[in-house]
Participant: 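Please read through the structure below; I'll follow up with questions.
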Amino acid sequence: MLKVITVDEMMKVGSTIPLRVTCSDSHQYILKGINNYVETGKALFNEVVGSRFAALIQLDTPQINIGNLSDEVINDSIDLKKYGFKPGPCFLSRYMEGTSLKVSPVTAKYISNIEIVPKLIVFDAVLMNSDRNGNSGNWFNLKQERKLIAIDHSNIFRLAQIWDKNSLQQDEKIPPEIIDEIKGKDYQTLIDEYKKRKYRKYEHKRQHQHPFSTVGRTIKHLSGIEIENCFADIPPEWSVSKEDQEAAKKFLEFQINHIDDIIHELEQLFKV
Ligand SMILES: Nc1ncnc2c1ncn2[C@@H]1O[C@H](COP(=O)(O)OP(=O)(O)O)[C@@H](O)[C@H]1O
Ligand SMILES: [Mg+2]
């Protein structure tokens with residue numbers, strides 16, 4: 001298991017007190033751990049599950065690890081002590097150089113990988129990520145390539161750190177529920193830019209205007225084992241009960257089984 005060696009910087013943004021650290025592989029990571037603001041470990045569970053699902057559908061997101069934060073490192077840092085960080089397993093997201101993106105018609109023009117938009121929307125809709133619209137911190141733009149990537153999966157399952165078996169069961173709906181956030185302004189601005197670039201290119205061929213067909217196919221081809229692996233080896237120290245973990249897996253399976261219906265709803269956003 002990777003070990004956290006030094007604390008380099010408190011990020012001073014975000015609600016989970018993320019920090020930049022260097023680990024035993026000499027790489028830098030953004031760390032999220034259990035502290036006075038992240039008491040249950042569900043935010044860390046959400047991050048791991050979200051990152052693994054993103055990798056399955058080839059959505060650009062930083063590489064992740066589960067590492068160990070030791071008592072020694074905590075005691076060496078005034079900040080970590082102040083925020084009540086607990087020793088033990090923590091979530092690590094490989095540090096990438098980039099900046100938060102305030103989404104607007106102007107900034108959207110400079111995104112080099114606009115084709116990410118439908119996939120990102122499906123990802124947020126399937127996992128019910130309620131914390132991207134209106135939060136520039138969770139739209140992340142890589143510095144050199146100007147690529148938009150997905151970060152911060154701590155607020156999936158609609159309720160961030162307070163979802164449970166019951167809330168997830170209630171969210172398993174037919175027709176599927178698309179959370180309001182996904183109908184928000186940031187997404188619509190990116191959809192408009194996507195349509196400008198892609199639809200113009202295929203103007204003569206209306207059949208190309210199915211933005212979700214590739215990601216839909218990918219999701220339908222996922223195997224049961226691949227889904228299961230998104231939930232494997234969650235540290236017991238994060239205190240997410242087996243019952244809740246099972247419910248989260250069932251919820252994701254439900255969403256995947258109804259992917260055609262979800263996509264049908266999402267297509268309406270492209271028709272505005
Ligand atoms: N892998 C990463 N590489 C570089 N910066 C990151 C990475 N992950 C997060 N950040 C930066 O840290 C900030 C806070 O991280 P985030 O995951 O959004 O935490 P929170 O859950 O507290 O909102 C982000 O807005 C971003 O600027
Ligand atoms: Mg955030």
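If you're wondering where the values come from, they're calculated on a predicted model, not measured in any experiment. Index from 1, following the sequence. Indexing begins at 1, ligand by ligand and atom by atom, following the structure's order.
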Participant: Should we say atom CD of Glu145 is surrounded by more than 12 heavy atoms from elsewhere, each under 6.0 Å from it?
Facilitator: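 It does: Glu145 CD has more than 12 such atoms within range.
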Participant: Could you tell me if the ring centre of Phe123 sits under 6.0 Å from that of His153?
Facilitator: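 Ring-ring flag for Phe123/His153: true, centres closer than 6.0 Å.
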Participant: Nearest 10°: the angle subtended at the Mg ion (ligand 2) by Asn138 OD1 and Asp152 OD2?
Facilitator: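 Vertex at the Mg ion (ligand 2): approximately 80°.
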Participant: Any idea which part of Asn138 is under 4.0 Å from ligand 1, heavy-atom wise: side chain, backbone, both or neither?
Facilitator: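 Asn138 to ligand 1: side-chain contact only, backbone stays beyond 4.0 Å.
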Participant: Distance under 4.0 Å to a non-hydrogen atom of Gly14: what atoms of ligand 1 satisfy this?
Facilitator: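 Selected atoms, number and element: 20 (P), 22 (O), 23 (O).
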Participant: Could you tell me the residue and atom name of the protein heavy atom closest to atom 12 (O) of ligand 1, and the distance to it rounded to 0.1 Å?
Facilitator: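 Checking every protein heavy atom, the shortest distance to atom 12 (O) of ligand 1 gives Met11 CE, 3.6 Å.
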Participant: Around atom 14 (C) of ligand 1, find the nearest protein heavy atom and jot down its residue, atom name and distance.
Facilitator: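 For atom 14 (C) of ligand 1, the nearest protein heavy atom comes out as Pro18 CG, 3.6 Å.
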Participant: When the ring centroid of Phe91 is compared with that of Phe45, is the distance short of 6.0 Å?
Facilitator: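 Ring centres of Phe45 and Phe91 not closer than 6.0 Å.
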Participant: Looking at Tyr95, is Arg20 sitting on its ring face, NZ or CZ under 6.0 Å from the six-membered ring centre and within 45 degrees of the normal?
Facilitator: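 So Arg20 does make the cation-pi contact.
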Participant: Which residue and non-hydrogen atom of the protein lie closest to atom 4 (C) of ligand 1, and at what distance in Å?
Facilitator: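 Here the closest protein heavy atom is Met96 O, 3.0 Å.
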Participant: May I ask you to establish whether Lys42 and Trp163 are in a cation-pi arrangement, using a distance under 6.0 Å from NZ or CZ to the six-membered ring centre and at most 45° from the ring axis?
Facilitator: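 Yes, a cation-pi geometry.
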Participant: Any heavy atom of Glu97 closer to ligand 1 than 4.0 angstrom?
Facilitator: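 No heavy atom of Glu97 comes that close to ligand 1.
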Participant: So is Val13 polar-close to ligand 1, meaning N/O to N/O under 3.5 Å?
Facilitator: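 No - when backbone and side-chain N and O of Val13 are compared with those of ligand 1, no distance drops under 3.5 Å.
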Participant: Record the part of Thr16 in heavy-atom contact with ligand 1 below 4.0 Å; permitted values are side chain, backbone, both and neither.
Facilitator: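 Both backbone and side chain.
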Participant: So is Asp131 polar-close to ligand 1, meaning N/O to N/O under 3.5 Å?
Facilitator: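 Checking ligand 1 against Asp131, no N or O pair falls under 3.5 Å apart.
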Participant: Taking non-hydrogen atoms only, is Phe140 closer than 4.0 angstrom to ligand 1 via side chain, backbone, both or neither?
Facilitator: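 Looking at Phe140 and ligand 1, just side chain atoms fall under 4.0 Å.
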Participant: Numbering the atoms of ligand 1 from 1, which are under 4.0 Å from a heavy atom of Ser154?
Facilitator: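 Ligand 1 atoms under the 4.0 Å threshold to Ser154: 21 (O).
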Participant: Between Met11 and Val38, is there a shared hydrophobic cluster once you connect ILVMFWY residues whose side-chain heavy atoms come closer than 4.5 Å?
Facilitator: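 Different clusters: Met11 never reaches Val38 through Ile, Leu, Val, Met, Phe, Trp or Tyr contacts under 4.5 Å.
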Participant: Of the protein's non-hydrogen atoms, which lies at the shortest distance from atom 19 (O) of ligand 1, and what is that distance?
Facilitator: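 Here the closest protein heavy atom is Lys32 NZ, 3.2 Å.
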Participant: Select the closest option to atom 2 (C) of ligand 1 among Ile30, Asp152, Asn135, judged by heavy-atom distance.
Facilitator: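 Among Ile30, Asp152, Asn135, the closest heavy atom to atom 2 (C) of ligand 1 comes from Ile30.
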Participant: For ligand 1, note which part of Ser93 has a heavy atom under 4.0 Å away: side chain, backbone, both or neither.
Facilitator: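 Under 4.0 Å from ligand 1, Ser93 contributes backbone and side-chain atoms.
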Participant: If you count every heavy atom of other residues, nucleotides or ligands that lies below 6.0 Å from Asn166 atom CG, does the total exceed 12?
Facilitator: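 Yes, CG of Asn166 has more than 12 neighbouring heavy atoms, counting only those of other groups under 6.0 Å.
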Participant: Of all the non-hydrogen atoms in the protein, which one sits nearest to atom 25 (O) of ligand 1, and at what distance?
Facilitator: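 For this ligand atom, the closest protein heavy atom is Gly137 O, 2.9 Å.
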Participant: Taking NZ, NE, NH1 and NH2 as the nitrogens, is one of them in Glu193 or Arg197 under 4.0 Å from a carboxylate oxygen of the other?
Facilitator: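 Looking at Glu193 and Arg197, the cut-off is met.
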Participant: Has Asn135 got an N, O or S atom lying less than 2.8 Å from the Mg ion (ligand 2)?
Facilitator: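 Of the N, O and S atoms in Asn135, none lies under 2.8 Å from the Mg ion (ligand 2), which means no.
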Participant: Regarding Tyr187 and Asp124, do their side chains bring together a donor and an acceptor under 3.5 Å, going by distance alone?
Facilitator: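 Short answer, yes.
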Participant: Return yes when atom CD of Glu243 has more than 12 non-hydrogen atoms of other residues, nucleotides or ligands closer than 6.0 Å, and no otherwise.
Facilitator: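 No, because the 6.0 Å sphere around CD of Glu243 holds 12 heavy atoms or fewer from other groups.
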